[in-house]
*Asks:* 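After the structure tokens below, expect a handful of questions from me.
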Amino acid sequence: MTPDFGPTTLREVIVVLEHAYPPSLAESWDSVGLVCGDPDDAVARVLICVDVTDDVVTAALDAGTQLIVAHHPLLLRGVDTVATSTPKGSVIHRLIRGGCALYTAHTNADSANPGVSDALAEALGLVDRKPLQPLSSEPLDKWVVMVPETAAAPVSEALFDAGAGAIGDYRACSWTVAGIGQFEPQPGATPHIGSIGVRETVAEQRVEMVAARGRRADLLDALRASHPYEEPAFDVFESVSLPGDIGLGRVGQLRAETTLGEFVSLVAQRLPSGGAGIRGGGDPDARIRRVAVCGGAGDSLLGQARASGADVYVTGDLRHHVVDEHLRAGGPALIDAGHWATEYPWCAQAAQLIADGVDVEVSVYELPTDPFTVSAVGR
């Protein structure tokens, strides 16, 4: 018989989400994670959306959904009440009364790989993608310890236990080479090996491993406690932080060159239509091959788009004067496809992530939650 491990819990869904979209990637001003709900409650149905609107909540509760995963935080700005007399408070109360939890993955999903901008880049057919504004790798130290061969293993284990030797999904990482250590104990010393005034040589190992800079005190304590020498020989070097594969925006290549005019039409075909429509700025006949993208409001990355060598930058919420000054300065061309429309492709990514990770039914709220609902073409 197949063992019955019980229903999926909200906690298990959160583990899947936070593995893909680590909260540590969120900007300092952001609000991500569980908004309401009991982590021990069972979850059978999940709804993914960009914005938590009244219509989204109605659809979720009508379908018997136990969890909404949203991109935009419901409670982002300062909040001092969630009374039902307030618009957002009313939503919170409806969710709690209906037994539906709410979880937000915002700027952590923006910077993750894959994340929001990967979904946008995939929708537009970009290949060979990399972050437009990469986050640097965690600042690390390299610890180099000289230790007698017979003590190398316990000293290494002590350092591992204190946090050294972790690289990505691996632990206990180190590099070792044999050598000869030399020293001469002086009066006042209490040598583990040798005698006062006698020069000694010892077969030693040079053990190297990396560690987060914040663990220096713990590692120093572990080293002194485990090393047999009265004065351990060691060095600590600060490593240079290098750009990683996570960060805001993406830049990549189209499989075939096109014109700006044709690419604007392609963007309109590939992305859902919000109320604001698709707007392009630049020479319609300009040749387009290298494309930068950023889901949502991306005018803060205009400088990075220019520095990336992109021929066009696709994002949302671009303003008149910002666009004018950018194009006067030499581009690249710009396409404003709207905030909601450039983030909506992420919903399918998040839905697949959850479906692959836990046994629940997942759906995407497909109706636009773009606050712009009416558009028209003027003369």
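For the numbers below, each heavy atom of this structure counts, side chains included, while hydrogens, waters and symmetry mates do not. This structure is a prediction, so every number in the text was calculated from the model and none was measured.
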*Asks:* Under 3.5 Å, is there a donor-acceptor pair between the side chain of R306 and the main chain of G331?
*Replies:*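 Checking the backbone N and O of G331 against the side chain of R306, a donor-acceptor pair under 3.5 Å is found.
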*Asks:* Regarding D40 and R11, does a basic nitrogen lie under 4.0 Å from an acidic carboxylate oxygen?
*Replies:*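 A salt bridge links D40 with R11.
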*Asks:* With distance as the sole test, does Q186 use its side chain to make a donor-acceptor pair with the main-chain N or O of E184 at under 3.5 Å?
*Replies:*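 Judged by distance alone, yes, a pair lies under 3.5 Å.
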*Asks:* Give a yes or no on whether I246 and L248 share a hydrophobic cluster (residues Ile, Leu, Val, Met, Phe, Trp, Tyr; joining criterion: side-chain heavy atoms under 4.5 Å apart).
*Replies:*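 Shared cluster, no.
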*Asks:* Is any side-chain heavy atom of E18 less than 4.5 Å from a side-chain heavy atom of P23?
*Replies:*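 Yes. Closest side-chain heavy atoms under 4.5 Å.
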*Asks:* Same cluster or not: L334 versus L260, using hydrophobic residues (I, L, V, M, F, W, Y) connected whenever any side-chain heavy atoms lie under 4.5 Å apart?
*Replies:*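 Shared cluster, no.
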*Asks:* Hydrophobic clusters join Ile, Leu, Val, Met, Phe, Trp and Tyr when side-chain heavy atoms are under 4.5 Å apart, directly or via other members; which others share one with L95?
*Replies:*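 Cluster partners of L95: V35, L47, V52, V56, V57, L61, I68, L74, L75, V79, V82, V91, I92, I96, L102, Y365, L367.
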*Asks:* Pairs in or reaching into residues 326-347: which pass salt bridge (charged side-chain N to carboxylate O under 4.0 Å, His left out), with residues at least two apart or in two chains?
*Replies:*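 Matches after skipping sequence neighbours: R279-D336, D324-R328.
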*Asks:* Is it the case that more than 12 heavy atoms not belonging to K142 sit under 6.0 Å from its NZ atom?
*Replies:*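 It does not: K142 NZ has 12 such atoms or fewer within range.
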*Asks:* For a 4.5 angstrom cut-off between non-hydrogen side-chain atoms, does L353 reach L17?
*Replies:*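 L353 reaches L17 side chain to side chain.
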*Asks:* Mind checking the CD-CG spacing from E262 to D285? Nearest 0.5 Å is all I need.
*Replies:*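 It comes to 9.0 Å.
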*Asks:* Working to the nearest 0.5 Å, report the span between SG of C294 and CD of Q133.
*Replies:*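 These two atoms lie 9.0 Å from each other.
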*Asks:* Quick one: closest heavy-atom pair of V362 and A355, and the distance?
*Replies:*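 Between these two residues, the closest heavy atoms are CG2-N, 4.0 Å.
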*Asks:* Is there a side-chain contact between L124 and L254, using heavy atoms and a 4.5 Å cut-off?
*Replies:*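 When only atoms from C-beta onward are counted, L254 and L124 do not touch, as no gap falls below 4.5 Å.
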*Asks:* What I'd like to find out is whether the side chain of P371 reaches to under 4.5 Å of the side chain of W340, using heavy atoms alone.
*Replies:*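 In short, these two side chains do not touch, never coming nearer than 4.5 Å.
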*Asks:* Cluster partners of L140, using ILVMFWY side-chain heavy atoms under 4.5 angstrom, listed by chain and number?
*Replies:*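 Joined to L140, directly or through intermediates: I167, V210.
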*Asks:* Given the rule that I, L, V, M, F, W and Y join up when any side-chain heavy atoms are under 4.5 Å apart, are L302 and L132 in one cluster?
*Replies:*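 As far as the 4.5 Å side-chain criterion goes, L132 and L302 are connected within one cluster.
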*Asks:* For P73 and D30, which heavy atoms make the closest approach, and how far apart are they?
*Replies:*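 Minimum heavy-atom contact is CG-OD1, 3.6 Å.
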*Asks:* Is F234 reachable from V147 through a run of hydrophobic residues whose side-chain heavy atoms are each under 4.5 Å from the next?
*Replies:*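 In one cluster with V147: F234, yes.
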*Asks:* When you measure from the side chain of T86 to the backbone N and O of G89, does any donor-acceptor pair fall under 3.5 Å?
*Replies:*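 Answer holds: yes.
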*Asks:* In Å, rounded to the nearest 0.5 Å, how long is the span from OG of S241 to CG of L135?
*Replies:*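 One gets 11.0 Å once the value is rounded to the nearest 0.5 Å.
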*Asks:* Might you point out which heavy atoms bring A164 and L219 nearest each other, and give the distance in Å?
*Replies:*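 Closest pair (atom of A164, atom of L219, distance): CB-CD2, 3.6 Å.
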*Asks:* Do the non-hydrogen side-chain atoms of R129 and V293 ever get within less than 4.5 Å of each other?
*Replies:*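 Heavy-atom side-chain distance check fails, nothing below 4.5 Å.
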*Asks:* Given side chains that start at C-beta, do those of H326 and P332 come closer than 4.5 Å, heavy atoms only?
*Replies:*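 Yes, their side chains come closer than 4.5 Å.
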*Asks:* Which of parallel (below 30°), tilted (30 to 60°) and perpendicular (above 60°) describes Y21 and W346?
*Replies:*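 Geometry flag for W346 against Y21: tilted rings.
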*Asks:* Does a side-chain heavy-atom distance below 4.5 Å link H72 with T104?
*Replies:*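 No, side chains not in contact.
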*Asks:* Please report the shortest heavy-atom distance between P22 and N108, naming the atom on each side.
*Replies:*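 That closest heavy-atom pairing would be O-CB, 3.2 Å.
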*Asks:* Quick check: closest heavy atoms across A292 and S308, and the distance to 0.1 Å?
*Replies:*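 Taking A292 first and S308 second, the nearest heavy atoms are CB-OG, 4.4 Å.
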*Asks:* If you measure only the distance, is there a donor-acceptor pair under 3.5 Å linking the side chains of Q304 and Y313?
*Replies:*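 Per modelled atom types, Q304 and Y313 side chains form no pair under 3.5 Å.
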*Asks:* Given side chains that start at C-beta, do those of L159 and M209 come closer than 4.5 Å, heavy atoms only?
*Replies:*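 Yes, side chains in contact.
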*Asks:* Tell me if a side-chain donor or acceptor on Q349 pairs with a main-chain N or O of G115 at a distance below 3.5 Å.
*Replies:*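 A pair under 3.5 Å: yes.
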*Asks:* Is there a side chain to side chain contact (heavy atoms under 4.5 Å, CB included) between R319 and D299? Walk through the geometry before answering.
*Replies:* CA-CA 8 Å; R319 295 166 291 167; D299 61 3; 2.8 Å; yes
*Asks:* Is it true that E208 and R206 make a salt bridge, defined as a side-chain N closer than 4.0 Å to a carboxylate O?
*Replies:*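 Yes, charged N to carboxylate O under 4.0 Å.
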*Asks:* Go through the steps to decide whether L220 and R216 satisfy the test side chain to side chain contact (heavy atoms under 4.5 Å, CB included), and finish with yes or no.
*Replies:* CA-CA 6 Å; L220 187 57; R216 287 177 179 175; over 6 Å; no
*Asks:* Enter the distance from T107:OG1 to W29:CH2 here, rounded to the nearest 0.5 Å.
*Replies:*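 That separation rounds to 5.0 Å.
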*Asks:* Atom OG1 in T190, atom CD1 in I196: separation rounded to 0.5 Å?
*Replies:*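 T190 OG1 to I196 CD1: 7.0 Å, rounded to 0.5 Å.
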*Asks:* Find the distance between NE2 (H106) and CG (L25) and round it off to the nearest 0.5 Å.
*Replies:*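 The CG atom of L25 is 13.5 Å from NE2 of H106, to the nearest 0.5 Å.
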*Asks:* Between H339 and D370, is the side chain to side chain contact (heavy atoms under 4.5 Å, CB included) condition met? List the steps.
*Replies:* CA-CA 8 Å; H339 196 125; D370 192 324; over 6 Å; no
*Asks:* Answer yes if the side chains of R45 and S363 hold a donor-acceptor pair under 3.5 Å, and no otherwise.
*Replies:*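 Checked: R45/S363 side chains show no N/O donor-acceptor pair below 3.5 Å.
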*Asks:* Same cluster or not: are V314 and L301 linked, directly or through other Ile, Leu, Val, Met, Phe, Trp or Tyr residues, by side-chain heavy atoms under 4.5 angstrom apart?
*Replies:*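 The answer is no; the residues belong to distinct hydrophobic clusters.
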*Asks:* Applying the salt bridge (charged side-chain N to carboxylate O under 4.0 Å, His left out) test to E257, which of R290, R287, R289 qualifies?
*Replies:*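 So, applying the salt bridge (charged side-chain N to carboxylate O under 4.0 Å, His left out) to E257 and each of R290, R287, R289, only R287 qualifies.
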*Asks:* Indicate yes or no for a side-chain donor-acceptor contact from T315 to the backbone of A297 under 3.5 Å, with no hydrogens or angles considered.
*Replies:*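 Answer holds: no.
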*Asks:* For L271 and T342: C-alpha separation, side-chain torsions, deciding distance, then whether side chain to side chain contact (heavy atoms under 4.5 Å, CB included) applies.
*Replies:* CA-CA 7 Å; L271 297 184; T342 55; 4.3 Å; yes
*Asks:* So, does H71 use its side chain to make a donor-acceptor pair with the main chain of D51 at under 3.5 Å?
*Replies:*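 Checking the backbone N and O of D51 against the side chain of H71, no donor-acceptor pair under 3.5 Å is found.
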*Asks:* Please find the pair of heavy atoms, one from M146 and one from H227, that lie closest to each other, and give the distance.
*Replies:*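 Reported closest heavy-atom pair: O-NE2, 2.8 Å.
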*Asks:* Give a yes or no on whether a salt bridge exists between R250 and E122, defined as a side-chain N under 4.0 angstrom from a carboxylate O.
*Replies:*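 The answer is no: the pair does not qualify as a salt bridge.
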*Asks:* Assess whether atom CG of D359 is packed by more than 12 heavy atoms of other residues, nucleotides or ligands within 6.0 Å.
*Replies:*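 Open.
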